[in-house]
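Here's the structure we're looking at; comments come further down.
The analysis underlying the following values was restricted to heavy atoms, covering all of them including side chains, and did not include hydrogens, waters or symmetry mates.
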Amino acid sequence: MWMASICSLFLGNANSFNDSGSYPLLTEKFPEKPASMNALVKASMSLSQTILPLVIAAVHSAYIIIPAMAVMLGLLLLKVSVTNFGKNETIVKETVSEQKEILETSTNKPSVLIDGVGMVILGFTLSFIFYMYSQYAPVFAEKVIGSTPVFSKTLISWYAISSLISVFITSTVVRKVHPFKVLLTYSIVAAAMLAVMVVHPTPTIARLTSIAIGFFAAGGIWQVGLTILSRYFPREKGRVTGYYSFAAALTYFVGPIVSTFILDDTAASLVHVFVLDVAVSVLGIIVMIILAVRCFKYKFI
């Protein structure tokens with residue numbers, strides 16, 4: 001148990017280091033389409049989260065799964081060690097020149113206390129929405145709607161499939177639509193479907209909500225927010241990515257703790273959990289509107 005806990009701690013740290021390095025690197029290497037590249041990271045994560053459970057279900061031995069994962073990590077380290085991540089000098093010079101000119105000539109630049117903190121708050125709210133749904137949707141279906149355990153589990157399947165599809169669509173959409181418009185549209189649809197499920201819980205509504213939350217809340221929208229934050233503070237991409245990722249990580253700590261004070265053996269307590277999810281999503285939308293108004297008014301991006 002102790003060894004498993006220590007390994008989990010190190011793997012969690014490794015995941016955080018990976019986020020703090022991969023997202024800024026992709027933004028640097030592909031400055032013309034950073035949102036699309038960050039969304040593709042989400043696509044890879046969703047794909048692995050879909051495949052790994054199937055592999056574990058087919059191969060029941062941990063003595064095979066864990067060594068195989070260790071080999072894959074070793075191959076990844078080997079690949080990273082021999083890959084040249086040198087910056088494109090032309091792009092870097094142009095980017096640095098543009099950033100320097102903006103910083104020196106424009107007073108309309110994002111505020112750390114308003115825009116920076118606001119985006120970090122979004123890092124929490126965006127994650128909170130789909131995390132709480134994925135954790136409690138099956139139980140909600142069983143106790144509130146009265147569905148069978150088999151149907152309840154299919155909700156997460158619909159959620160995962162729509163999330164994977166959304167990543168590829170979102171990576172294309174953000175190249176043609178302003179990222180704040182994408183954030184607002186996706187968040188409003190997700191919040192609306194959550195509210196409908198709370199008010200009118202039926203099997204059909206639950207299935208549609210799973211598809212909506214997977215597509216509009218868990219399908220790369222978090223990465224779109226990170227792209228905005230990186231473009232707001234281009235000289236501190238690693239640091240702001242760390243703050244943004246930390247806010248998302250708080251979801252996995254705050255969510256279960258808050259739930260313990262709400263949940264009991266009644267169906268009403270599950271409804272209260274989803275009311276909280278709706279409230280957090282509405283809070284996120286309010287913050288988005290404030291930040292979007294500032295962005296369009298001062299033309300930050």
Under 4.5 Å between side-chain heavy atoms, counting indirect links through other Ile/Leu/Val/Met/Phe/Trp/Tyr residues: same cluster for [X] and [Y] or not?
{"X": "Ile129", "Y": "Tyr159", "value": "yes"}
{"X": "Val275", "Y": "Ile213", "value": "yes"}
{"X": "Val282", "Y": "Val254", "value": "yes"}
{"X": "Val189", "Y": "Ile285", "value": "yes"}
{"X": "Leu155", "Y": "Leu164", "value": "no"}

State the [atom1]-[atom2] distance between [X] and [Y], to the nearest 0.5 angstrom.
{"X": "Ile205", "Y": "Leu194", "atom1": "CD1", "atom2": "CG", "result": "12.0 Å"}
{"X": "Leu208", "Y": "Trp158", "atom1": "CG", "atom2": "CH2", "result": "9.5 Å"}
{"X": "Thr202", "Y": "Met197", "atom1": "OG1", "atom2": "CE", "result": "10.0 Å"}
{"X": "Ile211", "Y": "Phe216", "atom1": "CD1", "atom2": "CZ", "result": "10.5 Å"}
{"X": "Leu276", "Y": "Ser281", "atom1": "CG", "atom2": "OG", "result": "9.5 Å"}
{"X": "Leu270", "Y": "Ser259", "atom1": "CG", "atom2": "OG", "result": "9.5 Å"}

Result of checking Leu263, Val258, Asp264, Ile257 against Phe261 for side-chain contact (heavy atoms from CB on, under 4.5 Å):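 Of all the options given, the one that passes is Ile257.
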Under 3.5 Å side-chain donor-acceptor pair for Tyr133 and Ser210: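 Distance-only check passes for Tyr133 and Ser210.
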Thr170 versus Tyr186, side-chain donor and acceptor atoms under 3.5 Å: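 Their side chains do contain a donor-acceptor pair, which is all the 3.5 Å distance test asks for.
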Check against ring-ring contact (aromatic ring centres under 6.0 Å, His included), Tyr136 and Phe274: CA-CA 8 Å; Tyr136 298 107; Phe274 280 86; 7.2 Å; no
Student check: side-chain heavy atoms of [X] and [Y] closer than 4.5 Å:
{"X": "Val271", "Y": "Pro201", "result": "no"}
{"X": "Thr125", "Y": "Val287", "result": "no"}
{"X": "Met288", "Y": "Leu126", "result": "yes"}
{"X": "Tyr232", "Y": "Ile228", "result": "yes"}
{"X": "Val198", "Y": "Asp277", "result": "no"}
{"X": "Leu122", "Y": "Leu291", "result": "yes"}
{"X": "Phe296", "Y": "His178", "result": "yes"}
{"X": "Leu184", "Y": "Ile289", "result": "yes"}

Derivation of the side chain to side chain contact (heavy atoms under 4.5 Å, CB included) call for Ile169 and Phe215: CA-CA 9 Å; Ile169 296 177; Phe215 191 96; 3.7 Å; yes
Phe233, CZ atom: more than 12 neighbouring heavy atoms under 6.0 Å: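 Yes, because the 6.0 Å sphere around CZ of Phe233 holds more than 12 heavy atoms from other groups.
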Whether over 12 other heavy atoms sit under 6.0 Å from Leu76 CG: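 Above 12, so yes.
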Can you name the closest pair of heavy atoms from [X] and [Y] and give their distance?
{"X": "Pro110", "Y": "Phe300", "result": "N-CE2, 3.5 Å"}
{"X": "Ala190", "Y": "Ala217", "result": "CB-CB, 4.2 Å"}
{"X": "Lys143", "Y": "Ala267", "result": "O-CB, 3.5 Å"}
{"X": "Ser166", "Y": "Gly214", "result": "CB-O, 4.3 Å"}
{"X": "Tyr244", "Y": "Val120", "result": "CD1-CA, 4.2 Å"}
{"X": "Ala206", "Y": "Ile145", "result": "CB-CD1, 3.6 Å"}

Would a distance-only check, ignoring hydrogens and angles, find a side-chain to backbone donor-acceptor pair under 3.5 Å from [X] to [Y]?
{"X": "Ser134", "Y": "Tyr131", "value": "yes"}
{"X": "Ser152", "Y": "Ala141", "value": "no"}
{"X": "Ser269", "Y": "Asp265", "value": "no"}

Phe128/Phe124 aromatic ring centres below 6.0 Å: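 Yes, the ring centres sit under 6.0 Å apart.
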Verdict with reasoning, Leu73 to Leu77, per side chain to side chain contact (heavy atoms under 4.5 Å, CB included): CA-CA 6 Å; Leu73 286 173; Leu77 289 174; 5.5 Å; no
